[in-house]
Amino acid sequence: MSDSKRFTMIGRPPTDNEWAAISARRASAGPLLFVVTSTGIICTPGCAARTPGRDRVRVVADFDEGLAAGARACLRCRPDRLYAVKAAPEGDPVQAAL
């Protein structure tokens, strides 16, 4: 199965209000994440990247749902820093290596 077909099977299409926030690049749209099916990128509505076509947007419930489908975080809006679950600190990596 191709990647773009796999990404169309996750999440759901955006509602009219969600699409308005995505196309207007409104960052204050609340906690909203979407996957661009043609690129496999998880993004937020306020991102400065080019707006995808509505038919290529799938809204996901959380960041982990997009990751589980094989998508990656956008390097412009960095949803991984905003919505990813914070792991427990590992401690000093030098001590761990010794």
Side-chain angles (χ1 to χ4, degrees):
M1 179 184 309
S2 70
D3 287 341
S4 62
K5 288 199 184 279
R6 182 180 59 200
F7 294 132
T8 59
M9 299 170 84
I10 66 167
R12 59 176 174 74
T15 64
D16 290 337
N17 289 337
E18 291 168 340
W19 177 248
I22 293 167
S23 62
R25 295 183 179 156
R26 276 197 318 251
S28 62
L32 176 65
L33 290 171
F34 62 92
V35 174
V36 181
T37 60
S38 58
T39 59
I41 294 178
I42 305 169
C43 213
T44 62
C47 186
R50 192 173 127 198
T51 304
R54 186 173 183 167
D55 60 328
R56 292 186 170 136
V57 171
R58 301 293 291 181
V59 176
V60 291
D62 58 10
F63 186 74
D64 292 332
E65 182 181 356
L67 288 180
R72 66 175 179 86
C74 175
L75 295 177
R76 289 189 183 198
C77 63
R78 300 306 300 251
D80 53 337
R81 292 183 181 172
L82 296 172
Y83 296 102
V85 177
K86 304 279 190 276
E90 296 177 11
D92 186 12
V94 173
Q95 289 298 323
L98 293 175

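In this structure, the side chains of Ile42 and Arg72 stay at 4.5 Å or more apart for every pair of heavy atoms. In this structure, Cys74 and Pro79 have side chains that are in contact, with non-hydrogen atoms separated by less than 4.5 Å. Between Val57 and Thr37, the closest side-chain pair of non-hydrogen atoms is not below 4.5 Å. In this structure, the side chains of Phe34 and Ile22 come closer than 4.5 Å at one or more pairs of heavy atoms.
The side chain to side chain donor-acceptor pair (under 3.5 Å) search around Arg25 returns none, not counting sequence neighbours. Applying the salt bridge (Lys or Arg N to Asp or Glu O under 4.0 Å) rule to Arg12 yields the partners Glu18; only residues at least two apart in sequence or on another chain are considered. Not counting sequence neighbours, Arg76 has no partner by the salt bridge (Lys or Arg N to Asp or Glu O under 4.0 Å) test.
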- Task: Might you work through the side chain to side chain contact (heavy atoms under 4.5 Å, CB included) test for Leu33 and Val59, ending with a clear yes or no?
- Result: CA-CA 6 Å; Leu33 290 171; Val59 176; over 6 Å; no
- Message: Walk me through whether Trp19 and Thr51 qualify under side chain to side chain contact (heavy atoms under 4.5 Å, CB included).
- Response: CA-CA 10 Å; Trp19 177 248; Thr51 304; 4.0 Å; yes
- Message: Using the rule given for side chain to side chain contact (heavy atoms under 4.5 Å, CB included), can you reason through Ile10 versus Val60, listing the C-alpha separation, both sets of side-chain angles and the distance that settles it, and then say yes or no?
- Response: CA-CA 7 Å; Ile10 66 167; Val60 291; 3.9 Å; yes
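Applying the side chain to side chain donor-acceptor pair (under 3.5 Å) rule to pairs touching residues 39-50 yields nothing, sequence neighbours excluded. For residues 51-63, the salt bridge (charged side-chain N to carboxylate O under 4.0 Å, His left out) pairs, not counting sequence neighbours, are Asp16-Arg54.
In terms of heavy-atom proximity, Tyr83 sits nearest to Leu32 at OH-N, 3.9 Å. In this structure, Ala73 and Ile41 approach most closely via the heavy-atom pair C-CG2, 4.3 Å.
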